[in-house]
S.K.: 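Sharing a structure, written as structure tokens. Questions coming.
Here is how names work: the chains are called A, B, and so on, in the same order as the sequence lines, proteins then strands, and each is numbered from 1. Computed from a prediction, not measured in an experiment: that's the story for all the values here.
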Protein chains: 2
Amino acid sequence: MTAILDKKRMGASEVAAEIRAMIVAGSLNSHDRLPSERALCARYGVSRGTIRDALLRLKNEGLVEIRLGSGSYVLENLARQHYEAIIRNTRPLELVDVRFALEPHICRLAVLHGQVADFDRLESHINEMEENADDAQIFAHIDARFHLDLVKSTNNSLLIWIIGEVNEVRKQEQWAKVRSITLEGAIIRTYNAQHRAILTALRARDSEGAANLMKEHLDTARKSLTQAIGS
Amino acid sequence: MTAILDKKRMGASEVAAEIRAMIVAGSLNSHDRLPSERALCARYGVSRGTIRDALLRLKNEGLVEIRLGSGSYVLENLARQHYEAIIRNTRPLELVDVRFALEPHICRLAVLHGQVADFDRLESHINEMEENADDAQIFAHIDARFHLDLVKSTNNSLLIWIIGEVNEVRKQEQWAKVRSITLEGAIIRTYNAQHRAILTALRARDSEGAANLMKEHLDTARKSLTQAIGS
DNA sequence: TGATATTGGTATAGATTTGGTATATTAGGA
DNA sequence: TCCTAATATACCAAATCTATACCAATATCA
């Protein structure tokens with residue numbers, strides 16, 4: 001995969017990206033003071049307005065604090081650190097247990113609150129997944145969107161947020177290995193069939209049917225996982 | 001030497017697929033600015049209209065944001081940034097739905113992974129709640145601890161974290177009013193009995209029994225809520 | 001304490017870069 | 001042949017970047 005980003009051009013976005021990378025990588029710690037805006041101008045070879053724009057972006061992301069007359073400081077974000085630790089350390093089987101808890105009931109709620117437009121969106125995702133059945137990476141991405149849009153049809157914002165976080169777990173790097181082991185063509189075709197069956201049950205407003213089909217779906221995922229781990 | 005591989009003809013969907021793959025794989029991070037449309041033309045050897053078409057597809061997929069006069073940016077998967085708003089705006093009945101999704105299955109997992117010491121801790125909470133059946137505030141606090149320690153007995157860190165966040169919802173100020181309406185003596189005594197029944201099922205390693213008792217428990221909570229709202 | 005240097009905050013104008021749009025043309029496939 | 005997609009070009013509007021200047025809050029040190 002060839003690098004696409006243009007390193008030569010330094011705009012506010014590029015400067016912000018470099019500083020952001022230093023913060024999240026830990027080479028800039030909490031409470032550290034960044035160099036002054038004028039010093040950063042010299043280091044990055046851009047004007048002060050650009051540095052200022054970059055710092056404002058980081059401020060809006062909650063990464064730094066800018067104090068008038070004093071300087072810019074790296075903010076500590078305990079919630080983020082705790083959160084990232086959770087996301088990083090969750091193991092595949094734990095995740096399946098969480099999804100087993102949530103998604104069957106999400107199906108029931110989707111039957112209660114889902115609109116036809118919601119189900120149409122799910123169907124378009126299913127079609128996309130069938131077109132990309134040979135690319136595990138793309139399939140996994142659309143699959144995450146499918147389950148996110150499924151929960152969105154419940155109109156329960158807390159539940160939507162939780163599934164969003166669950167999807168973050170699946171995006172982690174080390175999970176690419178798990179996907180490459182478990183997501184070969186046959187499994188993907190099984191998943192596609194199960195997704196379509198779930199959608200049919202939703203459209204028929206069959207709440208227990210949809211919930212049970214989701215349990216089957218997750219059971220398939222769990223079995224392919226345990227098989228991959230055992231091998 | 002004959003070229004076996006012809007230079008791939010790139011259409012909009014091919015360009016979109018390459019950029020999408022980079023975003024999904026993580027080589028393009030949130031907030032990164034893509035090269036300008038004109039620069040992408042040169043890189044992929046296609047016209048600007050094709051690049052434009054590809055970027056519009058990614059925009060419609062929610063992967064990219066296009067800012068007039070500025071550039072195209074990789075979007076961060078939402079959910080995370082609205083955390084505070086979610087916690088603050090969750091309504092009582094939405095919360096009950098979430099707990100309905102999570103807690104019965106948590107009971108099943110507790111039966112599988114819970115130790116006797118975990119159940120002893122739950123029992124001490126139940127005793128405390130019975131002693132404080134006349135103080136809604138204290139009862140609610142211990143009740144939150146009970147459900148948190150219940151999920152801790154599953155040893156599933158992601159699940160524990162989720163329930164922790166769900167408990168944050170109940171700490172919100174405006175929920176004190178809900179508690180004062182719904183938590184009078186009779187309901188608290190019902191809850192205590194249900195807690196004890198759940199614990200008995202857990203100790204007997206009766207997973208479906210515990211799950212069903214939890215459903216009854218949540219059903220009681222939901223009914224007292226709808227009654228309070230209706231009044 | 002008080003003077004001085006340093007820092008961020010704001011404003012300006014002009015040159016440059018970027019996406020938005022419209023049009024006419026070309027290439028390739030059904 | 002017709003139709004779709006891709007190309008090539010031109011121009012507009014919006015945002016960015018630069019350079020400079022000055023103000024206000026803070027830090028530093030005698």
S.K.: Between atom CD1 in B:Ile51 and atom C1' in D:dA8, what is the gap in whole Å?
M.R.: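 Atom CD1 in B:Ile51 sits about 15 Å away from atom C1' in D:dA8.
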S.K.: If you check every side-chain atom of A:Asp53, which of D:dA6, C:dG8, D:dT16 has the closest atom?
M.R.: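 When the side chain of A:Asp53 is considered, D:dT16 is the closest of D:dA6, C:dG8, D:dT16.
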S.K.: Can A:Arg196 and A:Glu123 be counted as an ion pair, charged N to O under 4.0 angstrom?
M.R.: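 Counted as a salt bridge, because a side-chain N and a carboxylate O are separated by less than 4.0 Å.
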S.K.: Are side-chain heavy atoms of A:Met214 and A:Leu218 found at a separation under 4.5 Å?
M.R.: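 Yes - at least one pair of side-chain heavy atoms lies under 4.5 Å apart.
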S.K.: To the nearest Å, give me how far apart NZ (B:Lys59) and C1' (C:dG19) are.
M.R.: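 Interatomic distance, NZ of B:Lys59 to C1' of C:dG19: 11 Å.
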S.K.: What is the separation between atom CZ on A:Arg33 and atom C1' on D:dT26, rounded to the nearest whole Å?
M.R.: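 Distance, rounded to whole Å: 11 Å.
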S.K.: For A:Glu165 and A:Tyr83, does a side-chain donor sit closer than 3.5 Å to a side-chain acceptor?
M.R.: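 Distance-only check passes for A:Glu165 and A:Tyr83.
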S.K.: Looking at A:Asp53 and A:Arg57, does any basic side-chain N land under 4.0 Å from a carboxylate oxygen?
M.R.: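 Yes, charged N to carboxylate O under 4.0 Å.
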S.K.: Closest-nucleotide mapping onto DNA chain D: is B:Ser70 or A:Gly69 further toward the 5' terminus? I mean the 5' end.
M.R.: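 Going by which nucleotide is closer to the 5' end, it is B:Ser70.
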S.K.: Quickly work out the A:Glu37 CD to D:dT18 C1' distance and round it to whole Å.
M.R.: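 From A:Glu37 CD to D:dT18 C1': 15 Å.
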S.K.: Starting at atom CG of A:Leu68, determine the distance to atom C1' of C:dT7, rounded to an integer number of angstrom.
M.R.: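 These atoms are roughly 8 Å apart.
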S.K.: Among D:dA10, D:dA24, D:dC17, which is the nearest nucleotide to the side chain of B:Arg48?
M.R.: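 Looking only at side-chain atoms, B:Arg48 lies closest to D:dA10.
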S.K.: Checking contacts here: which listed nucleotide (C:dG8, C:dG19, D:dT18) is nearest the side-chain heavy atoms of A:Ser36?
M.R.: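 For the A:Ser36 side chain, the nearest candidate turns out to be C:dG8.
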S.K.: Please give, in whole Å, the distance from D:dT18 C1' to A:Tyr44 OH?
M.R.: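 Roughly 19 Å, once rounded to whole Å.
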S.K.: Please determine, for the side chain of A:Arg9, which listed nucleotide (D:dC17, C:dG19, D:dT7) has the closest atom?
M.R.: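 Selected nucleotide: D:dC17.
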S.K.: Which one, D:dT18, C:dT10, D:dT7, comes nearest to the side chain of A:Thr50?
M.R.: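 Among the listed nucleotides, the one closest to the side chain of A:Thr50 is D:dT18.
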S.K.: Once you round it to whole Å, what is the distance between C1' of C:dT18 and CG of B:Leu40?
M.R.: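 Going from B:Leu40 (CG) to C:dT18 (C1'), I get 12 Å.
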S.K.: Classify the nucleic acid contact of B:Arg67 as base, sugar-phosphate or nothing, counting any heavy atom under 4.0 Å across all strands shown.
M.R.: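 Touches sugar-phosphate only.
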S.K.: When the nearest nucleotide of DNA chain D is assigned to B:Arg38 and to B:Tyr73 on a heavy-atom basis, which residue is associated with the more 5' position?
M.R.: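 Whichever sits nearer the 5' end wins; that is B:Arg38.
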S.K.: Figure out the CG/P separation between A:Leu56 and D:dT16, and round it to whole Å.
M.R.: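 Spelled out: CG on A:Leu56 to P on D:dT16 is 11 Å.
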S.K.: Relative to the ring of A:Phe139, is the ring of A:Tyr191 parallel (under 30°), tilted (30 to 60°) or perpendicular (over 60°)?
M.R.: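 Aromatic pair A:Tyr191/A:Phe139 classed parallel.
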